Each structure stands twice: as C-alpha cells, then as structure tokens.
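Inspection log for the structure reproduced underneath, given as structure tokens.
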Amino acid sequence: MSKVWFVTGSSRGLGRNFVEAALSRGDRVAATARNTASLDELVTAYGDAVLPLELDVADKAAVFESVQRAKEHFGRLDVIVNNAGYAQVGAVEELTERELRDQLETNLFGAVWVIQAALPYLREQRSGHIIQLSSAAGVIAMPLGGAYHASKWALEGLNEALAGEVADFGVKVTIIEPGGFATRDGKNPDPLANGHMAQTDPAYDGLRRRLGAVAGKQPAGDPAAAAQALLKLVDSDNPPLRVLFGQGFYPMLQQVYADRLKTWADWQDLSAEAHGKLDQEDLV
C-alpha cells in the first residue's frame, strides 16, 4: 500500500532526496518549502502525486493550515518528516538573543507545531510514523555550535518522550541522527562556513582557526543513499527510536558515551555525598 508523506524543508538537501525517493516508488507527498518555486520540477515530473505547500515552520498557524490541507487533499497522513532546520554558528558568548530564539523557533518549535498538527489525524487512524531529523550534533556537542546543539538536544528529549506517549495509538517515532552529507555541491558541508554566523568576538578567533582546520573532513554521505535507507525505516514493522545515518561519527560517539560513563563512575562518591543522609522515616 502506498504511503502519504508530509515533509518539511523539501527544497534541497536530505529533505529533497526524501521526497524524490518517496515519489519515485509511487507514494504521495505533501512537500513544504519557503518558496514553492523550488518544487516546480517535482510537480512537472510527478503531477498530482505531489502537493507543494509554501511554509515557514516557525509560523504555527501556517503549519496547522498546511497539515490540514495535506490531510484533506490526500485523505490520510502516514509519514511525517520533520526535516526543516538550519545551523546557527557562534560561541555562546557571541550569540544574540534574536539568533538563539530564531534557532529554537525553527528547529524546535517548528517541529513541535508539525507534531501537534498531525497527531490528531494519526491518532484517529491509529497509525503513522513521525520521523524527526536530529543530528549527530543531537548527542554530542562541539564548540561554536551551542545554539544548534541546544535545539537538537531538545528535539532528542522531546521525541523520546513523544514515542512513549503515542505508542498506544499505533504511532511510531524515529529520531534520525545524520552525520555529514554531501548536500552542497557534492561536498561534505562545513558548518563553520555554511551556517548562520554570529558576529565574531576576536577572543574566539584562535578556536575558530583550530576548528576550521578540521571541520568538514569527515567522509561525506550520499543523500540519495540516505533516502533509500529512510524508505526501509518507514516500511519496517519495528523501527528504532534512534538511528545514525552515516558512519563517520559512530566511533566518536562510542568514545563520548564511554567518557560520560567513566566520569559519572569516577565521581560517585561526590554523588552520594550530594544525596545526603536521610532518616528511614524520610523514605516512607
């Protein structure tokens, strides 16, 4: 049975590849973008199978209207892909309030609005799959990415909670954590060069130079291959809550988690001290 998709951020990159993969196998897609002219080629190629929708996910009312239009147009919704987002780059001290709020409005709140708009339909039909694009940056953090990491770490917790809330309704949730993919001119994107840049403070110039020397050096993943992997996920009867897309970050993540466990273990005496001594009656 063919599926009906709702995909945000469909104009380019992974989102565009996801849409094309779904359409190429006969599924139908409500594809959103800030400018629907970027979707004209899809409409020409796939006709009524694609519904182009102009959408800024930070606009809550527009999100609810777009999801409703998609449901009314296709009659159902099966796969919700929260893909829209961008990276704000800058040291925490450099970030303006507006930059931090805009990052969260798009990456975090935009995803929340899509989920809230779609869930009543998914619960009613007692089926559906919510796909949340996070990042390897959602489980580790690097200097100069504080705002982006904050948005992705928040999405990780939000969607893990969501998975437990909607399981009884037959709705599945998967958090995809991509590494670097060749989404810009066939190259592995360097977030220090391609993200939204905060106004720089010279105090962090040395750090920027050191990070710039190694950024973007991971082998780039193929977005078309990622799209085929996504099809396998949405067709799975028992998809994972989390899955990495790409191989470059897995060894790093293994070390990061090993280091966290070791640190907690090394400081267990202080942890116990912080707990304090309770009388037995306090435990009742």
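All values derive from a computational prediction rather than experimental measurement. Every heavy atom of this structure was used, including side-chain atoms; hydrogens, water molecules and symmetry mates were not.
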Q) Can you tell me if S134 and E156 form a side-chain donor-acceptor pair at under 3.5 Å? A) yes
Q | Atom pair CD/CZ of Q116 and F109 - distance to nearest 0.5 Å | A | 10.0 Å
Q | Partner set under ring pair (Phe, Tyr, Trp, His ring centres under 6.0 Å) for W5, not counting sequence neighbours | A | none
Q) Which distance, rounded to the nearest 0.5 Å, do you find between the CG of D205 and the CZ of R210? A) 11.0 Å
Q) Excluding sequence neighbours, so at least two apart, what forms salt bridge (charged side-chain N to carboxylate O under 4.0 Å, His left out) with K3? A) D235
Q: Would you please name every residue forming a side-chain hydrogen bond (donor to acceptor under 3.5 Å, both in side chains) with Q228, sequence neighbours left out?
A: none
Q) I115, V173: one ILVMFWY side-chain cluster at the under-4.5 Å cut-off? A) yes
Q: Check the pair L162, V171 against side-chain contact (heavy atoms from CB on, under 4.5 Å), reporting the backbone distance first and the verdict last.
A: CA-CA 10 Å; L162 175 69; V171 178; over 6 Å; no
Q. For F169, what residues pass the ring pair (Phe, Tyr, Trp, His ring centres under 6.0 Å) criterion, not counting sequence neighbours?
A. none
Q.
Any non-hydrogen side-chain atom of D259 less than 4.5 Å from a side-chain atom of V256?
A. no
Q: Determine yes or no for a side-chain-to-main-chain donor-acceptor pair under 3.5 angstrom, with E160 supplying the side chain and G157 the backbone.
A: no
(Q) Keeping R208 on the side-chain end and G90 on the backbone end, is there a donor-acceptor pair under 3.5 Å? (A) no
Q. Can you tell me how far CG of D102 sits from CD of E97, rounded to the nearest 0.5 angstrom?
A. 10.0 Å
Q: For Q68 and E72, test the side chains for any donor-to-acceptor distance below 3.5 angstrom and give the result as yes or no.
A: yes
(Q) Is there a path of hydrophobic side-chain contacts, each under 4.5 Å between heavy atoms of I/L/V/M/F/W/Y residues, joining V166 to V67? (A) yes
Q: Please report the closest heavy-atom contact between V7 and G15, naming both atoms and the distance.
A: CG1-O, 4.2 Å
Q. Cluster partners of W267, using ILVMFWY side-chain heavy atoms under 4.5 angstrom, listed by chain and number?
A. L270
Q: List in chain and number order the residues that pass side-chain hydrogen bond (donor to acceptor under 3.5 Å, both in side chains) with D266, two or more places apart in sequence or in another chain; answer none if no residue qualifies.
A: K262
Q) Side chains of L55 and R34: does their closest heavy-atom pair fall under 4.5 Å? A) no
Q.
Using 0.5 Å steps for rounding, measure from the NE2 atom of H149 to the CG atom of N107.
A. 12.0 Å
Q. Measuring from F249:CZ to I140:CD1, what's the distance to the nearest 0.5 Å?
A. 5.5 Å
Q: Answer yes if V57 and V112 sit in the same cluster of Ile, Leu, Val, Met, Phe, Trp and Tyr residues linked by side chain heavy atoms under 4.5 Å apart, and no otherwise.
A: yes
**Q.** salt bridge (charged side-chain N to carboxylate O under 4.0 Å, His left out) partners of E105, counting only residues at least two apart
**A.** none
Q: Indicate if L144 and L95 have the same hydrophobic cluster label, given that clusters are the connected sets of ILVMFWY residues with side-chain heavy-atom separations under 4.5 angstrom.
A: no
Q: Please list, chain by chain and in numerical order, all residues satisfying side chain to side chain contact (heavy atoms under 4.5 Å, CB included) with I131, sequence neighbours excluded.
A: V79, V81, H129, L133, T174, I176, L230, V234
Q.
Are F18 and P223 packed together at the side-chain level, in the sense that at least one heavy-atom pair is separated by less than 4.5 angstrom?
A. no
Q) So which heavy atom on A150 is nearest to which on L104, and how close? A) C-CD2, 4.4 Å
Q.
I'd like to check K172 versus P239 (side-chain heavy atoms, cut-off strictly below 4.5 Å). Are they in contact?
A. yes
Q. Taking it one step at a time, do V139 and L253 satisfy side-chain contact (heavy atoms from CB on, under 4.5 Å)?
A. CA-CA 8 Å; V139 288; L253 292 174; 3.4 Å; yes
Q: Could you list the residues that satisfy side chain to side chain contact (heavy atoms under 4.5 Å, CB included) with V4, not counting sequence neighbours?
A: R28, F74, R76, L77, D78
Q: Could you tell me which residues satisfy side-chain hydrogen bond (donor to acceptor under 3.5 Å, both in side chains) with S66, sequence neighbours excluded, listed by chain and number?
A: none
Q: Count the heavy atoms of every other residue, nucleotide or ligand shown that sit under 6.0 Å from CZ of R101, and state whether that count exceeds 12.
A: no
Q: Measure across L51 and A70 and return the closest heavy-atom pair with its distance rounded to 0.1 Å.
A: CD2-CA, 3.9 Å
Q | Which atom of G26 lies closest to which atom of S2, heavy atoms considered | A | O-CB, 3.7 Å
Q: Enter the distance from N35:CG to S11:OG here, rounded to the nearest 0.5 Å.
A: 8.5 Å
Q) Got a donor-acceptor contact below 3.5 angstrom from the Y148 side chain to the Y86 backbone? A) no
(Q) Assess the residue pair K71 and E124 against the criterion (salt bridge (charged side-chain N to carboxylate O under 4.0 Å, His left out)); give the C-alpha distance rounded to whole Å, side-chain angles, the decisive distance to 0.1 Å, and a yes or no. (A) CA-CA 12 Å; K71 167 61 166 61; E124 182 182 12; 5.3 Å; no
Q. If only atom types and distance count, is the side chain of T36 paired as donor or acceptor with the main-chain N or O of L53 below 3.5 Å?
A. no
**Q.** Shortest non-hydrogen separation from A49 to L23 and the atoms involved
**A.** O-CD2, 3.5 Å
Q | Side-chain donor or acceptor of E94 paired with backbone N/O of D201 under 3.5 Å | A | yes
Q | Non-neighbouring partners of Y204 that pass side-chain hydrogen bond (donor to acceptor under 3.5 Å, both in side chains), sequence neighbours left out | A | E93
Q | Any donor-acceptor N/O pair, D59 side chain to A62 backbone, under 3.5 Å | A | yes
Q. With respect to V114, which candidate in L119, I130, V63 satisfies the side chain to side chain contact (heavy atoms under 4.5 Å, CB included) definition?
A. V63
Q: Locate the shortest heavy-atom distance separating V29 from A22; write the atom from each residue and the value.
A: CG2-CB, 3.8 Å
(Q) Side chains of S10 and R16, heavy atoms from C-beta outward: is any pair under 4.5 Å? (A) no
Q: Taking the side chain as every heavy atom from C-beta outward, state whether L42 and E20 have any pair of such atoms under 4.5 Å apart.
A: yes
Q) Is there a donor-acceptor pair closer than 3.5 Å between any side-chain N or O of N159 and the backbone N or O of I175? A) no
Q.
Please enumerate all residues that pass salt bridge (charged side-chain N to carboxylate O under 4.0 Å, His left out) together with R123, with sequence neighbours excluded.
A. none
**Q.** Linked, directly or transitively: W153 and F245 (ILVMFWY side chains, under 4.5 Å)
**A.** no
Q: Decide yes or no for L100 and T96: does some side-chain heavy atom of the first lie under 4.5 Å from some side-chain heavy atom of the second?
A: no
Q. If only atom types and distance count, is the side chain of H196 paired as donor or acceptor with the main-chain N or O of A87 below 3.5 Å?
A. no
Q.
Let's go through E177 and R242 carefully: what are the C-alpha distance in whole Å and the side-chain angles of both, what is the deciding distance for salt bridge (charged side-chain N to carboxylate O under 4.0 Å, His left out) to 0.1 Å, and is it a yes or a no?
A. CA-CA 7 Å; E177 297 154 339; R242 285 182 172 85; 3.5 Å; yes
Q: Answer yes or no: are there more than 12 heavy-atom neighbours, outside Q254 itself, under 6.0 Å from its atom CD?
A: yes
Q: Measure the shortest side-chain to side-chain distance between L155 and L108 over non-hydrogen atoms and say whether it is less than 4.5 angstrom.
A: yes
